[in-house]
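Here's the structure we're looking at; comments come further down.
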Amino acid sequence: MSFKRRQYPFHLIEPKWQRHWASEETFRAWNPREERPADHPFTLRHGSTALPPKYYVLDMFPYPSGQGLHVGHPEGYTATDILARYRRALGYNVLHPMGWDAFGLPAEQYAVKTGQHPRKTTEENISNFRRQIKSLGFSYDWSREINTTDPDYFKWTQWIFLKLYQSWFNPEPNKAEPIDSLKIPDEISSPAETRNYRDEHRLAYISEAPVNWCPELGTVLANEEVIDGKSEVGGFPVIRKPMRQWMLRITAYADRLLEDLVPLDWSSSLKEMQRNWIGRSEGAEVQFSLGSSDRQMPVFTTRPDTLFGATYMVFAPEHSLIDELIPEEWPEGIPDGWKTGGISGSEPKTNPKEAIRFYREYASKKSDLERTDLAKEKTGIFTGAYALNPVNQEKIPIWIADYVLISYGTGAIMAVPAHDSRDLEFARQFNLPVREVVKSPENEDSIGFTGNGTSINSGMLTGMATPDAKKTIIAWLEENGKGRKTIQFKLRDWLFSRQRYWGEPFPIAWDENGHECLTEESLPLLPPDLEDYHPTKEGQPPLARATEWLNLPDGKRRETNTMPQWAGSCWYYLRYLDPSNQQALCDPAVENYWMGTIPESEESSSPPKGIVSKGIDLYVGGAEHAVLHLLYARFWHKVLFDLGLVSTSEPFFKLVNQGLIMGEDGQKMSKSRGNVISPDEIVLDYGADSFRLYEMFIGPLEMVKPWNTKGVEGVYRFLGRVWRLFIDEKAEKEFNQKCVSGQADPDQLLEVIQLDFRISNAPPTKEQTKSLHACIQKTTEDLDGMRFNTAISALMIFINEAMTWSERPAKILVEFLKLLQPFAPHLAEELFKKLIESRLLSPENESTGSISGLSYQPWPEFNRDLLIEDEWLMPIQINGKLRDRVTVPTGASKEDLETAALASEKIQKLIEGKQVRKVIVVPRKLVNIAITS
RNA sequence: GCCGGUGUGGCGGAAUUGGCAGACGCAAGGGACUUAAAAUCCCUCGGGGGGUGACCUCCAUGUGAGUUCGAGUCUCACCACCGGCACCA
């Protein structure tokens, strides 16, 4: 940029005001009963006793990566900052905090490579992120900055884990309760059994289930972190492996997580994603008796009405019940195709045991990737065993196949190939019988029909419509003890442990009897320092290397897993409320003020406009967290709510996902594509105000949009025009010379600059007032609707008009600065200061000057009456096509408008000789004349 | 495959409950200022056709139907792109 003259001295203005805001603590958010300095602008506006209503506007806090920010990161931050500043102007007590989600894999991987402690890497990255974010002039309350890797912070993450550990989910009140309230059944007597029973009911419990193990990363991953059989981080292969893991009982909350979505102000697509993830489906559990034994096997189906069409049964390969069923020899007359597994090149197996061993091995070797990729070709093998269909006692073969998942439903299905596409595919592969039991309404071939129709070939169900058939068969099953209505969820319990170093250690110790939790008083439990961050040779997590840390004096051993990165972000929005509280994760009164539904008793009597919502008023972040973070955080919040620690059942009342900003090539910004643009270069060339403005002007917040640095120049030119509207050219020339030559203090340099001589205390003209009020109206309405791009265009329109004025009334300009302030705060502050110092404002506006700075100036209000024109240009259409425009008085009646339209010469000519069928008059819009052609 | 979203000039995007399509900005072209350039200011800027001219006229919001006095906006079908889920019985 050295080759171009600056539009205005943003390089002096921006650091100046950032320093001012920091030293004044302009953006401190005040907690109830917190003492406020008398000269703070908040106090000057609101007094020192009452607190106005709160507005909590939150950004998803970043993971501070080594690469620093790119221009996509601050998109949401800019939007929330504009709204934070707008709400302050409206008179709210605004909480707008920032912090760091700093545990995580990249710092650890760097440590593995270099031996540098992840804490060091993390701190370096944080200070770079902080520098970048601060350079953009966001109005964060930095006194509330948090860091998930800070022991003062993760102490409370561990504390919440203890709460989870010490709670169970009581299905009766449908909420979590302390584990002591869990009744131990009478048949359980021994201490060991009692202990087991408790441990099995905790919200945090141990499971041996197969997990997603990533050998490359040396850790297990949650289902959510595995994408197409590869790790979300790094894209390494993931295999299934049984391991001892901590789980969190999120499934207990499935119903509440689903139901409580309804009142939230979230986009429907986001809610839908959560609903799909939770995956509630209604159906029935049906008991099949297993051939030779008197055992029963339940299966889950959403289509119990098709029970008569069940021609075989399939178990998941991992299902252990199979072992008890398989015969020594193949039954008579089994086709060889049933014995091969459907795997190319495989020979028929000699007996069922061999077949099952073979198939299990085959299935377990498949990675998740292959399991989905090879989905086109179904595989499976006959077990030699049979089951009895409860409705007709028909003997049907039992298979194992990997298209049936061990983790969903009962791990086994009844297969109805005629009316389920997967079963049909499988049946065709192995020549299994297909029996039609639902007639499609179109009366076509009903094989493969999966919708609602009419039952056929189905005993007592025959002739019934699908919904009736479902009800009837469920009633029959319940009466006969063969099944019941049930509900299944796709949601699984949350795999909560990781074999990593750089995460919160579990406050848990083990002995030969099992696990016990540490006391609350012993928290935080710090991770030990290590030389080597690799997992051990035995596949133990890196913490197992810290022998001193590991072994406790009483012979117990510490848990060596750590918590996943999601843990810290599950509750950070609560810590912001009371970030340095040593006694509690958050003071209840403070929590209630910022998050609660009940207004503080010290509430001001005249609340500003807008609704007072529950929880966080606005949460902005990327859609990539639509299921994981948002579901986990909602889950934790509900547990805390059940335990009486927070006052709302949902944390995020309104949530908006910002769209991605793509690179200039239209591709996703990434280091490998080389299309990353850093805010640093933009701030250097055009200043933070231009950067903020462009981020918002580029398009609607929620949309995906490409970056174009040329576009920054457009908004930069706009700010240049704002500057020139206020500033005297001659004084600026002097200033520029001093800038080039002198070593003078920047703040003094800015003093040289004087207002333009056309700015005066002259009374505004009608036109000028109208321009202003149109701008106020548009800006206000657009901010309320988060339409930042059109709000900015309204500001541009005002400036384009104001540039043509020969008299520039200070009274008008000061109001404009209040509108500009949320978007371009540095420039607005500087010009506001000049205007105040000029003493051009009339006495009733002088009160404006008693509050220092712009941040707490009341938001301008518009007067609709001023916007009404005396007359307007009314379009006249004939058959919907624009034919003429005539000027009409604003208050004209419908009759007058019709007369005026028909009086137009052009219209007269066009309707001459035609029959006017109808004249539609829409006041304030148009007149349309329908004629016959 | 299922669910959700989006299709408007050369580009990013505007268009209250259906009511003047293209606000605002970028790019482009022309002009003023300048020795020159940059910056700034002014003008033009969806496409076709017509007029010396203020203008006139036809066609245009992914495609095709429909509802309506009137459709970018509502309905139906289809196409393209983006995002999510993906053997969940």
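Since we're looking at a predicted model, the values are computed, not measured. Convention: sequence-line order gives letters A, B, ...; per-chain numbering from 1.
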From CG of A:L926 across to P of B:rG70 the rounded distance in Å is 13 Å
Given the side-chain rings of A:F697 and A:W707, with only the six-membered ring counted for Trp, is the space between their centroids under 6.0 Å? no
What integer number of Å spans the C1' atoms of B:rG19 and B:rG72? 13 Å
Closer than 4.0 Å, any side-chain N/O of A:R883 to the OP1 or OP2 of B:rC20? no
Checking base pairs now: Watson-Crick or wobble, both atom distances under 3.5 Å. What partners B:rC81? B:rG5
Any strand: nucleotide that pairs with B:rA28 via Watson-Crick or wobble, under 3.5 Å: B:rU44
Counting only side-chain nitrogens and oxygens, does A:R717 get under 4.0 Å of the OP1 or OP2 atom of B:rA27? yes
Looking at A:K705, I'd like to know whether one of its side-chain N or O atoms comes within less than 4.0 Å of OP1 or OP2 on B:rG12. no
Side-chain N,O (A:Q7) to OP1/OP2 (B:rU40) below 4.0 Å: yes
Testing B:rC41, B:rC69, B:rC26 for proximity to the side chain of A:K918, the answer is B:rC69
Could you let me know what B:rA36 is paired to, Watson-Crick or G-U wobble, both distances under 3.5 Å, or none if it's on its own? none
NA contact type, A:L270, heavy-atom cut-off 4.0 Å: base, sugar-phosphate, or nothing? nothing
Start at the 5' end of RNA chain B and walk down; is the nucleotide closest to A:M273 or to A:G409 reached first? A:M273
Whole-angstrom distance between B:rU63 and B:rC69, as gauged at atom P: 25 Å
Closest heavy-atom pair, A:L491 versus A:I250, reported as atoms and distance to 0.1 Å, is CD2-O, 4.0 Å
Could you please name the option among B:rU6, B:rG4, B:rC24 that lies closest to any side-chain atom of A:M796? B:rC24
In whole angstrom, what separates A:E702's CD from B:rG83's P? 18 Å
Return no unless some side-chain N or O of A:R6 is found under 4.0 Å from OP1 or OP2 of B:rA39. no
B:rC87: pairing nucleotide in any strand, Watson-Crick or G-U under 3.5 angstrom: none
Out of B:rC20, B:rC87, B:rA89, which nucleotide sits closest to the side chain of A:K378? B:rC87
So does A:K906 get a side-chain nitrogen or oxygen closer than 4.0 Å to the phosphate oxygens (OP1/OP2) of B:rC56? yes
Do the side-chain N or O atoms of A:S281 get closer than 4.0 angstrom to the phosphate oxygens (OP1, OP2) of B:rA89? yes
For A:S793 and for A:A930, locate the closest nucleotide of RNA chain B by heavy-atom distance; then report the residue assigned to the nucleotide nearer the 5' terminus. A:S793
Contact class for A:I797 vs. all strands (heavy atom < 4.0 Å): base, sugar-phosphate, or nothing? sugar-phosphate
N/O donor-acceptor pair, side chain A:K925 with base B:rC20, under 3.5 angstrom: no
Within 45° of the six-membered ring axis of A:F10 and under 6.0 Å from that ring's centre, is NZ or CZ of A:R6 located there? yes
Mind checking A:R721 for me? I need base, sugar-phosphate or nothing, with any heavy atom below 4.0 Å counting as a touch. sugar-phosphate
Give me the distance, rounded to whole Å, that separates B:rC85 from B:rA60 when you measure between the P atoms they each carry. 41 Å
Examine B:rC2: is either OP1 or OP2 under 4.0 Å from a nitrogen or oxygen in the side chain of A:N276? Give yes or no. no
With rounding to whole Å, what would you report as the distance between B:rA21 and B:rU40 at their C1' atoms? 32 Å
When rounded to whole Å, the CZ to P distance for the pair A:F788 and B:rA14 reads 13 Å
Indicate, with a heavy-atom threshold strictly under 4.0 Å, whether A:N800 touches base, sugar-phosphate, or nothing. sugar-phosphate
With syn defined as a glycosidic torsion within 90 degrees of 0 and anti otherwise, which applies to B:rG9? syn
Does the gap between the ring centers of A:F426 and A:Y312 come in under 6.0 Å? yes
What nucleotide among B:rC58, B:rC20, B:rA23 has an atom nearest to a side-chain atom of A:Q877? B:rC20
Strictly under 6.0 Å, is that where the ring centroids of A:Y362 and A:Y359 end up? yes
Distance below 4.0 Å between A:K271 side-chain N/O and B:rC3 OP1 or OP2: no
Tell which nucleotide pairs with B:rA21, taking only Watson-Crick or G-U wobble pairs whose two distances are both under 3.5 angstrom. none
Specify the separation, in whole Å, of atom CD of A:E624 and atom C1' of B:rG84. 13 Å
It should be established whether A:R787 places a side-chain nitrogen or oxygen under 4.0 Å from OP1 or OP2 of nucleotide B:rC24. no
Which part of the nucleic acid does A:I920 contact within heavy-atom distance under 4.0 Å: base, sugar-phosphate only, or nothing? base
Separation of atom CG in A:L795 from atom P in B:rA23, rounded to whole Å: 18 Å
Could you check which of B:rC87, B:rU6, B:rA14 has an atom nearest any side-chain atom of A:M703? B:rU6
Is A:V922 touching bases, backbone alone, or none of the nucleic acid, heavy atoms closer than 4.0 Å? base
Is a salt bridge present between A:K705 and A:E75, judged by a nitrogen-to-oxygen distance below 4.0 Å? yes
Figure out the CG/C1' separation between A:L882 and B:rC69, and round it to whole Å. 15 Å
Aromatic ring proximity, centroids under 6.0 angstrom, A:F315 and A:W399: no
From C-beta outward on A:F697, which listed nucleotide comes closest to its side chain: B:rG12, B:rA89, B:rG13? B:rG12
Return no unless some side-chain N or O of A:N928 is found under 4.0 Å from OP1 or OP2 of B:rC20. no
When you compare B:rG25 with B:rG46, how far apart are their P atoms, in angstrom units rounded to a whole number? 15 Å
Whole-angstrom distance between B:rG53 and B:rU67, as gauged at atom C1': 43 Å
Nearest listed nucleotide, side chain of A:T790, among B:rA14, B:rC20, B:rA89: B:rA14
If we take the P atom in both B:rA65 and B:rA71, what is their distance in whole Å? 14 Å
Just do the side-chain contact (heavy atoms from CB on, under 4.5 Å) check on A:Y694 and A:Y686 with the steps written out, would you? CA-CA 10 Å; A:Y694 180 66; A:Y686 305 100; over 6 Å; no
Scanning all shown strands, the Watson-Crick or wobble mate of B:rC76 with both distances under 3.5 Å is B:rG64
Same-atom distance (P) from B:rU73 to B:rC56, integer angstrom: 27 Å
What is the distance, rounded to the nearest whole Å, between atom CG of A:L628 and atom P of B:rG83? 17 Å
Does a salt bridge link A:D402 with A:K378, judged by any charged N lying under 4.0 Å from a carboxylate O? no
Using a strict cut-off of less than 4.0 Å between a Lys/Arg side-chain nitrogen and an Asp/Glu carboxylate oxygen, indicate whether A:E272 and A:R275 qualify as a salt bridge. yes
